[in-house]
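The structure appears right after this line, and notes come after that.
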Amino acid sequence: MGESLHSLFGDYLAVLLGTVIGFFLVFTALVATRVLAPFSPEREKGTTYECGMLPLRRASTNIGVRFYLYAILFVLFDVEAVFLFPWMLSFVELGAAAYYQMLLFILVLGAGLAYAWKKGALQWR
Amino acid sequence: MAMTPSTGAPVEAPAAPADPGVAPLLPAEHPAEELALTPVEHRPGRALYKTLLPGVLQVPADLVLAMGRKSSLWPMTFGLACCAIEMIATYMAHYDLDRFGIVPWPSPRQSDVMIVAGTVTKKMAPAVKLLYEQMPNPKWVISMGACATNGGPYTRYDRVLQGVDKIVPVDVYVPGCPPRPEALIDALVSLQEKIMEERKALGA
Amino acid sequence: MVANTPEQEFETRELLINMGPQHPSTHGVFRMVLGVDGEVVTDVVPYIGYMHRGAEKLCETMDFRQGVGYMDRTEYLANFNAELSYVLAVERLAGIEVPERAQWIRMILCELNRLSSHFMFTGAFGTDVGVFGTAFVYSFREREVILDLFEEITGDRLMYAYFRPGGLAWEVPENFETRVHEVLLSARHGIREMDSLLTENEIFLARTKGVGAISAADAVDWGMSGPSLRASGVPLDLRRDDPYLYYPQVDFDVITGEAGDVFDRYHVRLREMRESVRIIEQCMEHLSDGPILPERLPRMLRTPPGEIYERTEAPRGEYGIYLVSRGGNRPYRLKVRSACFSNLQALRDMTIGHYVADAVVILGSIDIVLCEVDR
Amino acid sequence: MRGIVRSMATTLGAFVRGPVTREYPEGHRPIPERDRAFPLLLWDFEIDEPYCTGCHACERACPVECMTVLMKDNPAHTSLGGNSSRRKIIDKFWIDYARCMRCNICVEVCNFDAIAMNNTWSGHETSVYDRADLVMDLPQLLAQHKAGAIDEWVAP
Amino acid sequence: MLRRLPLPSQFDRIIITGGLVAGVALAPLLLVLLVLLAVDEITAPEFVFWLVAAIVVGGALGTVLLPNIVYAALSLVATLLGVAGVYLLLGSEFLALAQVLIYGGGVVILLLFGLMLTNATDDPVVTDGSQKPFAAMVGLLLAGVIIAAAYDATWGGSELAATSLRAFGERLFGDFMVPFIIIAVLLDIALTGAYVNARRERAPAGDDQEASS
Amino acid sequence: MIPLENFLLLSAALFAIGFYGVLARRSAILILMSVELMLAAVSINLVAFAAYLDPEGLTGMIFAIFVITIAAAEVGLALGIVLRLYRERQTANVDAADELKW
Amino acid sequence: MSPEEGAPDAAADDAARDYLETTIWAEVDRALSGITARPVTDEEERSVIDLVVRVPPREVVTALRALRDAQGMNFDYLRSLTAVDYEEEGVDVVYHLYSVETRHNVTVKCRLAADRLVVESATSVWRAANWYEREAQEMFGVRFEGHPDPRNLLLPEEMTDVFPLRKSHPLAEIEVLQGEGIAYEEGEL
Amino acid sequence: MNGDIFGLEINIWLDALVRLGLAVALMTVVVMALIYLERKVIARFQQRLGPTRTGPAGILQSPADALKLLGKEDLRPKNADPWVFELAPYFVFIPIFLVFVAIPFAFDWQIRVLELGLLYVLAVSSINIVGWVMAGWGSDNRYAMLGALRAAAQGISYELPLVLALVAVAMVVSLPGDVRGSLNLVEIVAEQGHIPYIVWQPLAFAIFYIAMLAELNRTPFDIPVGESEVVGGPFVEYSGIRWSMFFLGEYTALLLLSLRGAAVFLGGWAWPLGEEVADQNAALGLLYQFTLTAAKAGVLIFTIFWVRATMPRLRVDQLMAFSWKVLLPLTFAQIAANGLVLVYGWPDVVLLAASGGGLVLLAVIIDRAVRRPTPRPGLPSGGLEGEAVR
Ligand code: SF4
Ligand code: SF4
Ligand code: SF4
């Protein structure tokens, strides 16, 4: 096993450990509250809070399409951001070509954004 | 049976009274109303440590928990009428309930105290009840002002509930119309005392 | 494919959002059901009556002195103004003449009350717009100063029961004038602070400009009154147009807005506060010694039969008392014409087509007092 | 931007000026003389009996009907060998503080200046756990003035 | 005393949340792996690999089997995060983090929005078709073929090493210029395509009211 | 040291599961998710081969990042189509898309 | 026009009344041509400061519309709309109108017979009438024909058989804790 | 198996465990302190006192709250989806907690030095949006749902400016050997020994700060939790300790983001004189570096509180438009400008000029944009004429 891989593995073991610890933090708190807090199983308060009214209708229905459009935009630009990371480390070495390559990339995506913008997809109406 | 006409989708208008000739009196039993006004049963619930821990260890546990509870009473923001103005004033700079660790939360799920500040009408009563039920235990109710206590100046109007204790159990009554902020602070202090006194029973 | 504007290209089904009766932003126990498409309000159905407690009915069983207390509780942010309407109605009906000093003091107190009420509005409005309590706290700080004065005069912080048919319940304390000047000083500071905290803040402007606009014609048709109406550009101010007390003798401007949007409603109120300060200052100059009650006032006041619709300009608009008497010491019928009741009716018109968050701001900008709406 | 900066400066100004809070339960600021807490009955120290003759005037005038008055013949009346000029005197008196709306009317209608609004802090610190405790009876109503704890202010 | 313990009701939710997930599902596996580890059968990376593989396969099974569509989406999250772990084991820190960034924050949100937009959460009945047995067969067959092929061949192999992102970038931007730009165009097309499809087409201006009420 | 076969095994399993999902599921969105699984399997394969067989280990990874990218774009686009299907048919069930005339 | 400046005295009152009953009435009369309307002059009922006009129920909305659209003094602002219960004499529906431009008031009244509490809705004249009419309907049982949304406003929606503001509607009993109702012992305290 | 566990030296495991344990302790203490301080500071801004009565000067307020919440019944609404509702707190909290792994507190005081630390931090913290959506969906509550959707939309919208602003800074890091660009947070901090990057990249900092406010759902971007509309956002239905997990997560995120900002823009432990002091005296240097980090993060946090005490809330469309139409193009411009400067090897002053110009532009845009009244959106206003109010 390569040395660098070894250290990578060690580093991310900490992340794994962190996940476990985080999990147990929440878990312990929940167990503690189970022990300390009163609990009455039979009860009305199960009803959904809606400003003192009984709920109008099941809540988890229809959201705006705009949420979805923003999500798409985000995914695309996220992808672009991911490409930026290797680029920013290497473009100085590679010289102007790599720079303009990325500029082109940004511009193409920017054109997409501009299109969406113009078409009103960014407008919340 | 729905407790209120909470049909959000506005319903078809009920037919206007056909022959309004002689006004009938309020029927002794208006069925929906009767149901809406039945009191809430308070079920304090039971904490597991009350069963698990031996009695000796329960004493400090009770004490510590009660101290935490009394120092962090979060009321639900719930203003009804004129008294609510004084209640709000109590949160503000000159009286500052935050000194006591009292901060208002909008949702009943996160609140410990319901300060009923103002007249509870019969139309409002089901909502008050529901909100009370939605609060997690342990919870307390402060009846602020004459109206919440027994209907106050409006007792004699029959759309007004003669005291919020008709529908939810009240822990502290503050008289006054409206009680001044200091009176509300006094009530909260007495509620704190009450919590300390009754710490053994809480969560039992 | 039909060419559509961007507004019409996306479709979602309507979601109903219930706000109230217990909702931090509905100023009491107002309830509205918003039909929401995405984030845009497509319909508003207001529900009121959660605070209907029969003040009118009860006043029919109360004599005129007792009724004053109920007026306080009807309009609990501008109690003096509400009391004033009632006592003016009784006085006019009974033909009682009120001594001059009492009138001036009434004017001062009413304007101070307008200040405190508008402070309350700016604070609550700030919260609606989303300031985390700061505007509210500042405005209550100023309000508290005014309430302290009221308490020194009347003995109560909120429910003064101080105006009586015929005059005032008792004399103001000796240091009244110095105290009023102190209060005005602090109020001026408070107004300035509110102004600099909110009026020019870009985010505040973005939230309020162009939101919830209502045209002058619509506003009149809906029977709106007070600052909400004036914000639409209708210069209807009963202090000037239907004068009572000594308002014709003081000099003040009727503030109007242009667009009738939320910002105008806020700004009209803010500028009105400055006018109130001006009015109080002039009143202080006019204040002279004298009695505060007419010399001969019957112990139990009776009015001749007749009716009167007495209206005054309360902070929220026209506060009218329709008093029908068939003789005797109590009203036969008392109707409170509440400013908020009419203003609130226009809510649906103002809100549709705006965002959910705007609905809250618009509601806040009408400055409702639920007890006055439902009575 | 300017507006935002101005707002920030405003709050910073408040930050610098410091709190205005009146620390209530620790300190009681002086209460105005005219403060109206709840009505109290006054004690006639000269004759050692309440001023109140039980004339029912206040009871009838109270808009919320929170008072109950019962009168009796005064055992201390001069005709009975006492030193009081009151022929009738209060027998039992209840005021339901929970309903009283502190309107001052009872004080105004009383012809004997027998009743006054409490203008001390104790009049405001009245929260109780049971609402029946808010019904004050005669000894309770008289106690404070009897003990000299209030400096009554009766509206002219 | 035991009867007064409100155990079942009081612990139900803990059991469903932490206890069940961590304890019941992973405990046997962990046990086996630990035993293997103890007898020096596997090394630490292998141990982690099996753990991650369990998460990946478990999540994937959840995605295709769970009737509730939101649960399926959430187990997809688990799978995708597990795949990030696999990348890490293969020495590519960057790929792992990119996977988390794109999938954890983006694609999953997109999927959840899609679910909510189409009300798919309301009718779990439509999630499964009648082709299940057939599909299972084909799936198994496919897996068998691939695995057989994988074990059949002999792979030479070098040491695993962590890749440097700098080198990665130099390679990517040095040698893959054209595909890179094509990717950009592709993303654009995806954006416009999504926009065009999400747009309402037919409702003319007039019947807006009918459509929304 | 993890043998390469392990990764291939994992990827094969993932791919098969994804394949099963595509065939068995009826909801368009679930099918999408299954496709995601398959793509993930592919990129695992790519990266594994690259790491073990290609001394520099870079080409496979570059392909993997392209796959991830394309998968993201695919989800976005496909969801748009699902949305449209839903709007036409009031369901996200692919059976409803049998008449391909829209 | 209300009496000028401050406290009304008797003479000013009379002058004002004359003004009301001559000038404004003339205007209103012109607007209401063709409608049976009469000014209320009898002391019992007339208002101290406003002109009161009585209109028969059948014509009231026509009259209101005519007043709103009148030339010169158009009463375009509905201040308030309410009802007064005169028990067996019937119910008065009262409209308070205001002219924003000329600043004049007029009160329009119509008396409904106790056994026929129906009047046409004024919502077509002013949108402001909407809630007022709903309120009057639930409180007095006056039915406004043609109202777009005749649900209860202040009362719960299913309570269509209770009219709280009518004179015949009783007040509630006070729940008394004090007095002879509770045990009182001498020497306690 | 001697000296190692699972093939790794034992101290790697132990070390990670100890460091994570320290992080947990730090988190608990600092979050409690932050909550207390926020109440105190905001109280002061509002001319109040804030908590005074629980413990001396109220410092026990946060422990008391925690205790209260522990003793509070833990509810789950009837209609809520059990699994999603229960799992949401984990999804919200764990990703935030994991960010600790890469944050540098002082020289050689961090849990792990990750080569791609910046990317790691961004990637991991983006997961918690899923938690928000889960909380909202699982509660089956309208406000929660709306809040969660808003939170998600806002989170993803402002994540991009955040990421790109950090990329812009990471680009200009110059490592020894004339290598530009680094994603290693430790290197980034160490490189700022003389001049913090806020000087070279003020625009990036401004964008980072704004995006940070938005990511933290702090005023003026607290739309998802906006009390006056959605009552408290995705967490309306949560009670007791489960609710406090979200709260804990929020404040931990606040802490971590400001630490991140302090590290990337303000020079973390290195500026000013961080290393020099450490060279003189190791212990003192460590203390100094910790103080530096804490002070810088503290300043950031204080300004966040200050903004919270002052600003109104934006509306959801304005918020989105601000991110997509203003911040995103600006960050791209920033990156492009940086790239140009670096590729052609122009002096760093050009960076400052470009970035400063961008900052001015941003200010102008804000000034302009809001003074234009928002037109009323297109729906016809509902009139009553002829049509029932329904
Ligand atoms: S008690 Fe008095 S002040 Fe309070 S709500 Fe009732 S009437 Fe208003
Ligand atoms: S207090 Fe005064 S009015 Fe009341 S009963 Fe006694 S004497 Fe009469
Ligand atoms: S103050 Fe008013 S309400 Fe109270 S007892 Fe006296 S008269 Fe009654």
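Please read all numbers here as calculations on a predicted model, not as lab measurements.
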Greatest number of non-hydrogen atom pairs under 4.5 angstrom with chain D, of B/Pro153, B/Gly163, B/Ala183, falls to B/Pro153
What distance do B/Cys177 atom SG and D/Phe38 atom CZ have between them, rounded to the nearest 0.5 Å?
-> 8.5 Å
Atom CG of B/Asn150 and atom CZ of D/Arg99: how far apart are they, to the nearest 0.5 Å?
-> 4.0 Å
Is it true that a side-chain atom of D/Arg102 and a backbone atom of B/Pro178 form a donor plus acceptor pair closer than 3.5 Å?
-> yes
Would you say the side chains of D/Thr21 and B/Arg99 form a donor-acceptor pair under 3.5 Å?
-> no
Rounded to the nearest 0.5 Å, the CG atom of B/Asp171 sits from the CG atom of D/Asp130 at a distance of 11.5 Å
Rounded to the nearest 0.5 Å, how far does OG of B/Ser190 lie from CD of D/Glu125?
-> 9.5 Å
Per-residue contact mode, B/Glu193 against chain D (heavy atom under 4.5 angstrom) | both
How many angstroms lie between CZ in B/Arg180 and CZ in D/Arg36, if you round to the nearest 0.5 Å?
-> 11.5 Å
Should D/Val20 and B/His94 count as side-chain neighbours, where that means a heavy-atom distance under 4.5 Å?
-> yes
Within 6.0 Å of CD in D/Glu46, more than 12 heavy atoms from elsewhere = no
Interface moiety of B/Phe100 toward chain D, non-hydrogen atoms closer than 4.5 Å = side chain
Contact origin within D/Tyr129 toward chain B - heavy atom pairs under 4.5 Å | both
Side chain from CB out, backbone as N, CA, C, O: work out which of these in D/Arg29 comes under 4.5 Å of a heavy atom of chain B, or both, or neither.
-> side chain
Minimum heavy-atom distance D/Ser127-B/Val172, with the two atoms named | CB-CG1, 3.8 Å
Do the side chains of B/Ile185 and D/Pro25 get nearer than 4.5 Å, heavy atoms only?
-> yes
Under a 4.5 Å cut-off applied to non-hydrogen side-chain atoms, are D/Glu65 and B/Arg156 in contact?
-> yes
Which atom of D/Cys100 lies closest to which atom of B/Ala146, heavy atoms considered = O-CB, 4.3 Å
Per side-chain contact (heavy atoms from CB on, under 4.5 Å), B/Pro175 is matched among D/Asp96, D/Asp133, D/Thr126, D/Val128 by D/Thr126
Inter-residue atom distance B/Asp186.CG - D/Trp121.CH2, 0.5 Å rounding = 10.0 Å
Determine, for D/Arg22 against B/Asp96, whether the closest basic-nitrogen to carboxylate-oxygen distance falls under 4.0 angstrom.
-> no
